[in-house]
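Encoded as C-alpha cells, the structure appears first; notes follow it.
Numbered from 1 within each chain, the chains take letters A, B, ... in sequence-line order.
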Amino acid sequence: MSTKRTKGVTIVYPIVYGNTASLLPQKKVPDSDHTHKWTVTVKGINGQDLGHFIKKVTFKLHETYSNPQRVVEHPPFEITETGWGEFELSIKLQFIEGSEKPVTLYHNLRLHSYEDDGSISTSSKNKPVQSFQYDELVFTDPPETLYQVLTTQPIPTLPSKPSNSPYSLQAEQDELRKIDEAYRKVQEQMTLYKNRNDKITKELEEVKAELDRIKK
Amino acid sequence: MTSNDVRDILELHSKHLNSTDNLTPSKKANKPEKEKKPDGIPRELFQLIGGPPPIAFVKPAFKAKPNLRKKAVHWEWQSFTNQGRGEDDQLTLHHWVKCTPTSESEDSGYWFAEYNKKIDILKYDDEEYEKYLTDKDWTKEETDYLFKLCDNYDLRFTVIHDRYEYKERSMEDLKDRYYSVCKKLLQVRPPEGSDKGALIAMNTYDKAKEEKRKKHMCALYLRSPEEIKEEEALLEEYERIEQNEKKFAKERENLLKLLSFQELAQPKRKKSLLSGPTTPTMEVGNSNFHTSTEIPKKNRRTSASSVGSAVIEAEVHNAPITARKEKFPQGVVVRSSKIPLPKQTMILKVQKTLQEFGLGIDMINYICGPRPSIPTETVCARWVDLQKAIQTLLDVKKAVEKADHELKAKKVLLQKIKQNGLGSASKSANSGDAGGKQSDVTASVSGDGGGGDESSVVPTKRERITLTTTPRDAKRARK
C-alpha cells in the first residue's frame, strides 16, 4: 500500500458548495412545522460532479434530524431535506485515495433571504434562496492515484464572465480590486495616524517638560 | 608471761583495746568486698554472682599430653666434615644424630653438601685473551681478577662488587666486562651443539640501559608521597583523555557537519556562523592535542561556505517569485481554511473594517474568520496582507488615541496650573494623571462608537472634557 506522492506538484481544484432553499407551500404537509425545503450540494464550479476523485461525502446535519450523518457515496453529492431552522452543517469530503485525510467544509444553512444589513427580508418570498461558497481544494504532492485522476479529467477554470454562477474570473478581479483598494486606504490611514502620532508625541514631550519645570 | 605482758614490755598496744587496729585491716579487707552494687539486680543476687566478671583473656592453651608411651630415642654426638667447603678446608664439625636402625654411617657425607652448586663460568687462556679479549680499559690482570671473583662468588655481582679491590669500578662495569668477554668467547669458540644463538643472546649486556634502569628504580623508590600522588593523578587524567579521544573526535565531526548544513540553510547569518564555530573547534582541538588538524578543517569550512553561499544566492533570487506559493503540508487543504486568523480580540474589529471596505460580506459568523468570496491563490495572499495591515492600523490607532488623551489631559493640567498658580499644582498633577489613565481605558476607540460612555468613574471637570472629545474622535477615525 505504498502510495507514492508526486513531489513538487500542486493541483488546485475549485469547488462550490452551499444550499438552495425554497419555501414549502403550506398545503402539502400541514402537520410538520417544516417550512422550507432545502438542498445542500458540493459541486464543481460549473456544476461538474466530483465523483472522479471524491469517494464519499458525509453531511452532518443538526442533531434534531434523524440520522444526522448522511453519507453520499456517488455523485451528485447532495442532500435534500425539509426543515424550519437554519443551522451550521459540516461537509466532509473523503477522497478515492484512502491515505489522504478527509477535508471538512462548513456551511451555514440559509433558508430566509436577507437584506444587506442582516435583517430578514419580508418581500420576494417566492424566489428560492441561495447561499453558496467558492473554495479551492489544494492538493500538495498528491499521491499517484489522485494525480492520475486529476490530470486526466479537465479541471474547471473560472469562467471569465459571470453566467449562471456568480463565480468568475471577473468576480475574482473585482475582489482583487477591492482588496487592493482597501489596502491602499489602510495604508493611507496608517500614514495619517503615524503623522498624528509623531505630532502628539512631540507635543506631549513639550508639555511634560513644562510640567517638570513648574514642579521644580 | 602471757602475750599481753610481752606486749606491755614492748609497749605494743593490745589487740582488743585499740579498736583502730582491728578496724583498719578489716576496713581494708572490707573495702574490696563492698563493691558498688549495680541497680539492675537485687543485692543478694549480686553478692552471689559477684557482678560483671573481670575482663581477662586467657588463651585456651591446648596442652597436649606428652606421648610417654614410646621409649626415648638415642641420639649420638657425631663429627662430620662439610664436603661443600672445599678441599683445603678440613674443618671437623659435630652434631647430634639420631640413632635409628637405618641410620647411615658418617661416611655418606654431609647431607646439605649437595646444595652447594657451582656455576661453571667460561675460562679463557692467554692466547684467547690476546686474540679477542683485549680491552683498553681492562688489563689482563684485572680481567683475571674479575673472573676469579666471579668464580668464587658464583656470579653474585653484588658480592663481587663489594669485594672488588682492584680499581674503582661500578657493578655495571664489572657486569659489562664479564658478559662481553663471555659473548666474545662464545662467538669465537666452535659451536657446542646446543643453541649457540640463545647462549649469545643470554650474554648480551646493555650497560647504558642497565644504568638507566637502575637510576630510574632509585628515583622511583625515593619519591616523596606528594610526588606519588601527583603522578597518579596525571596518569588518571591521561587515561581518561585517551578513552575520550574517540568521543571527542566524533563530536568534532558532528559539529562540522552541523555547521556546514547550517551555513547552507541560513544565508543571512553567514558571518556570525563563520566567526562562531572557530572558537568551539579551536577549544576542542587544543584540549585534544590535535592542533595539526585545525588548519585543514578551517579550509574545509570556508570552501563549504562558499559553495553554500552560491546555492543560497540562487535560492534568494528565486524566493520572491515563489514566496507567494502556498507552503501547505502534504495532502489536501481547503484554501479558505488556511487564511491565518487575526488575534482573538481583534477578530470582530477586523471583520467590521473589512465590511466597511465591502469585503467579506454575506458571511454570517464563520468559524474561520472573515474570508474572501473567491479565495483563489492571489486573492488569498492579498487578503492575508490586508488583514495584517488592518491589524497594525488598528494597533496604531489605539496607541495614537492613548497618546492623544494623555496629551490633552496634560495640556488641561498645564492650563490650570498657569491659571491657579503653583499652589494647586501637586494636587492637580496627581489627580490629573489618574483621571487621564482611566479615561484612556474606557475611551479606547477604533470604530466602536460611544464606548467612552460606559465609564463608571465620576467624571471630574477634566474627564468630562476628554469624554466629550472621544465620540468626535471616533467619527473622525471612521471617516
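Ion pair K418(B)/E210(A) flagged as a salt bridge, since at least one NZ, NE, NH1 or NH2 atom sits closer than 4.0 Å to an Asp/Glu carboxylate oxygen.
Counting heavy-atom pairs under 4.5 Å between each of V186(A), I11(A), L146(A) and chain B puts V186(A) at the top. Your options are L176(A), I15(A), L192(A), and the one with the most heavy-atom pairs under 4.5 Å with chain B is L176(A). Chosen from L105(A), I200(A), V207(A), T104(A), the residue pairing most often with chain B at heavy-atom distances under 4.5 Å is I200(A).
The shortest side-chain heavy-atom distance between R196(A) and D404(B) falls under the 4.5 Å cut-off. No side-chain heavy atom of V334(B) sits less than 4.5 Å from a side-chain heavy atom of E136(A).
Proximity to chain B is limited to the side chain of E100(A), based on heavy atoms less than 4.5 angstrom apart. Using a 4.5 Å cut-off between heavy atoms, F95(A) contacts chain B through its side chain alone, with no backbone atom that close. Contact of D174(A) with chain B is not made at all, since no heavy-atom distance falls under 4.5 Å.
For the pair K178(A) and F357(B), the tightest heavy-atom approach, listed with the atom from each and the gap, is CD-O, 4.5 Å. When all heavy atoms of Y193(A) and L393(B) are compared, the pair lying nearest together is CD1-CD1, 4.4 Å.
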* To do: Step by step, work out the side chain to side chain contact (heavy atoms under 4.5 Å, CB included) result for K411(B) and E203(A).
  => CA-CA 9 Å; K411(B) 268 187 178 170; E203(A) 279 191 51; 2.5 Å; yes

